[in-house]
Amino acid sequence: MPDLATPLAAWYRDNARDLPWRRPGFGAWGVLVSEFMLQQTPVNRVVPHLERWLTRWPTPAALAADAPAEAVRQWANLGYPRRALWLHRAAVEIRDRHGGVVPLDVDQLLALTGIGDYTARAVAVFAYGDRHPVVDTNTRRVLARAVDGRSQPGPPSRHDLTAMEALLPDDIRAAAVVNAAAMELGATVCVARVPRCEACPVAAQCAWRAAGYPDTGDTRRRQARYEGSDRQARGAVLKTLRDAAAHAVPLTEVVPDWPDAGQRDRAIDSLIADGLAEASDGLLRLPG
DNA sequence: CACGCGTGGGT
DNA sequence: TACCCAAGCGT
């Protein structure tokens, strides 16, 4: 297999975007918060939210001291608000189990609420400089193309970590750069729909390009329609709660004009079941 | 392992 | 207009 790490690292040094969490000394808490926000939300939308979040809660203990409702409200329109709840829980766990310090150990990170294979290694590598394979959807696409000669990656699997590990140099700092470089390449050049191969530092080594860009068929799951979905209903309910100045809304005033009243009520129940809302005395509110 | 889970911008 | 896409996670 051709060497991908060297050209990737060289390209990254010259082309990496200047993002807040890449600044030296940004801190493990800042990196962790950024990774939560970046789970399925685009970089450009995350940046301003991240700065506001860290100004309000500069440490895990500061967030843990506030109610979950405050985290969900501050999360605003970033989407998937359960992440705000999970981030708050993780902050409580960090305070209670780790003395308020974001752990470095991958297994300890994995044990925190809302942290999985990607986020645990991203924090260990990008915040603490440890050596692990960090594999997100961008990296999986880069590996699928450059190494496997496919147009799109297959479903996520544990093998992804093995494949990335095989590319990493032994040197710890160099390995961190290659991890970041693969993600950055997938995010800015080797993009899903229209890859910019003319700007790619590993075009000469790319198995997909060498094979003539075969369409391997897209095995990715298709996203369910949003219009009219339960998710849309949940989003409308939660927006009502976030925006309520009184912090509590009579159940009769929670999106009363929703086209499907049954769907709205199921949305309310599911939000309560998820811990994103609480009901009492005919009022609905964010979790206290 | 496949699914459900928000929101907004691009084509 | 619809659909695609975005640094995943828990179940």
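Lettering of chains follows the sequences in order, A, B, ..., and the numbering in each one begins at 1.
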Using a strict threshold of under 4.0 Å (side-chain N to carboxylate O), is an ion pair present between A:Arg22 and A:Glu184? yes
Answer yes or no: does a side-chain N or O of A:Arg83 lie under 4.0 Å from OP1 or OP2 of C:dG8? no
Of the candidate nucleotides C:dG8, C:dG10, C:dA6, which contains the atom at the shortest distance from the side chain of A:Thr137? C:dG8
Please report, rounded to the nearest Å, how far the C1' atom of B:dC3 is from the CG atom of A:Asp230. 13 Å
Taking the side chain as C-beta and beyond, is there a heavy-atom pair between A:Arg82 and A:Arg234 under 4.5 Å? yes
For A:Trp53 together with A:Trp75, are the ring centres under 6.0 Å from each other? yes
Distance check: side-chain N/O of A:Arg225 vs OP1/OP2 of C:dC3, anything under 4.0 Å? yes
Take the protein atom CZ of A:Arg242 and the nucleotide atom P of B:dG6, then report the distance between them rounded to whole Å. 10 Å
Please state whether the phosphate of C:dC9, meaning OP1 or OP2, lies under 4.0 angstrom from any side-chain nitrogen or oxygen of A:Thr119. yes
If you look at every strand shown and take non-hydrogen atoms under 4.0 Å, does A:Arg140 touch a base, only sugar-phosphate, or nothing? nothing
With heavy-atom distances below 4.5 Å as the criterion, would you say the side chains of A:Glu70 and A:His88 are in contact? no
On the nucleotide B:dT7, are OP1 or OP2 found under 4.0 Å from the side-chain N or O atoms that A:Tyr226 carries? yes
Is it true that A:Arg121 and A:Asp130 make a salt bridge, defined as a side-chain N closer than 4.0 Å to a carboxylate O? no
Taken to the nearest whole Å, CD/A:Gln152 to P/C:dA6 is 8 Å
Taking only side-chain nitrogens and oxygens of A:Gln39, does any of them come within less than 4.0 Å of OP1 or OP2 of C:dA7? no
First encountered from the 5' end of DNA chain C, between A:Ala192 and A:Arg82: A:Ala192
Check this one for me: any side-chain N or O of A:Asn77 less than 4.0 Å away from OP1 or OP2 of B:dG6? no
Pair of N/O donor and acceptor under 3.5 Å linking B:dG6 base with A:Thr41 side chain: yes
Of all the choices, C:dA7, B:dT7, B:dC5, which nucleotide is nearest to the side chain of A:Arg231 once you look at every atom? B:dC5
Could you check whether any side-chain heavy atom of A:Pro103 comes within less than 4.5 Å of a side-chain heavy atom of A:Leu112, counting everything from C-beta outward? yes
With a non-hydrogen cut-off below 4.0 angstrom, is A:Arg141 in contact with a base, only sugar-phosphate, or nothing? sugar-phosphate
Report the distance from atom CZ of A:Arg222 to atom P of B:dA2, rounded to the nearest whole Å. 17 Å
Whole angstroms only, please: what is the CG-C1' distance between A:Leu78 and C:dG8? 15 Å
Whole-Å distance separating the OH atom of A:Tyr80 from the P atom of C:dG10: 14 Å
Whole Å only: how far is the CZ atom of A:Arg45 from the P atom of C:dC5? 17 Å
Quick one: label A:Trp75 by what it contacts on the DNA or RNA (base, sugar-phosphate, nothing), any heavy atom closer than 4.0 Å. nothing
What is the distance, to the nearest angstrom, from the CG atom on A:Leu87 to the P atom on C:dA7? 20 Å
Whole-angstrom distance between B:dG8 and C:dC9, as gauged at atom P: 23 Å
With a 3.5 Å cut-off and heavy atoms only, can you find an N or O donor on one side and an acceptor on the other between the side chain of A:Gln223 and the base of C:dC5? yes
Think A:Asn138 has a side-chain N or O under 4.0 angstrom from the OP1 or OP2 of C:dA7? yes
Start at the 5' end of DNA chain C and walk down; is the nucleotide closest to A:Thr113 or to A:Glu35 reached first? A:Glu35
Ranking A:Leu238 and A:Pro155 by the position along DNA chain B of their nearest nucleotide, the one closer to 5' is A:Pro155
Options B:dA2, C:dC3, B:dG6, nucleotide nearest the side-chain atoms of A:Arg221: B:dA2
Nucleotide opposite B:dC1 in a Watson-Crick or G-U pair, distances under 3.5 Å: none
Classify A:Asn44 by what it touches in the nucleic acid, base, sugar-phosphate, or nothing, heavy-atom distance under 4.0 Å. nothing
Measure from the side-chain heavy atoms of A:Trp86 and tell me the nearest of C:dA7, C:dG10, C:dA6. C:dG10
A:Arg17 side chain near A:Thr188 side chain, heavy-atom distance below 4.5 Å: yes
B:dC3 and C:dC4, which share atom name P, separated by this distance in whole Å: 16 Å
With respect to the side chain of A:Tyr118, which nucleotide from C:dC9, B:dC5, B:dT7 is positioned closest? C:dC9
Let's see if you can work this out: which of C:dG8, B:dC5, B:dG8 has an atom nearest to the side-chain heavy atoms of A:Arg234? B:dC5
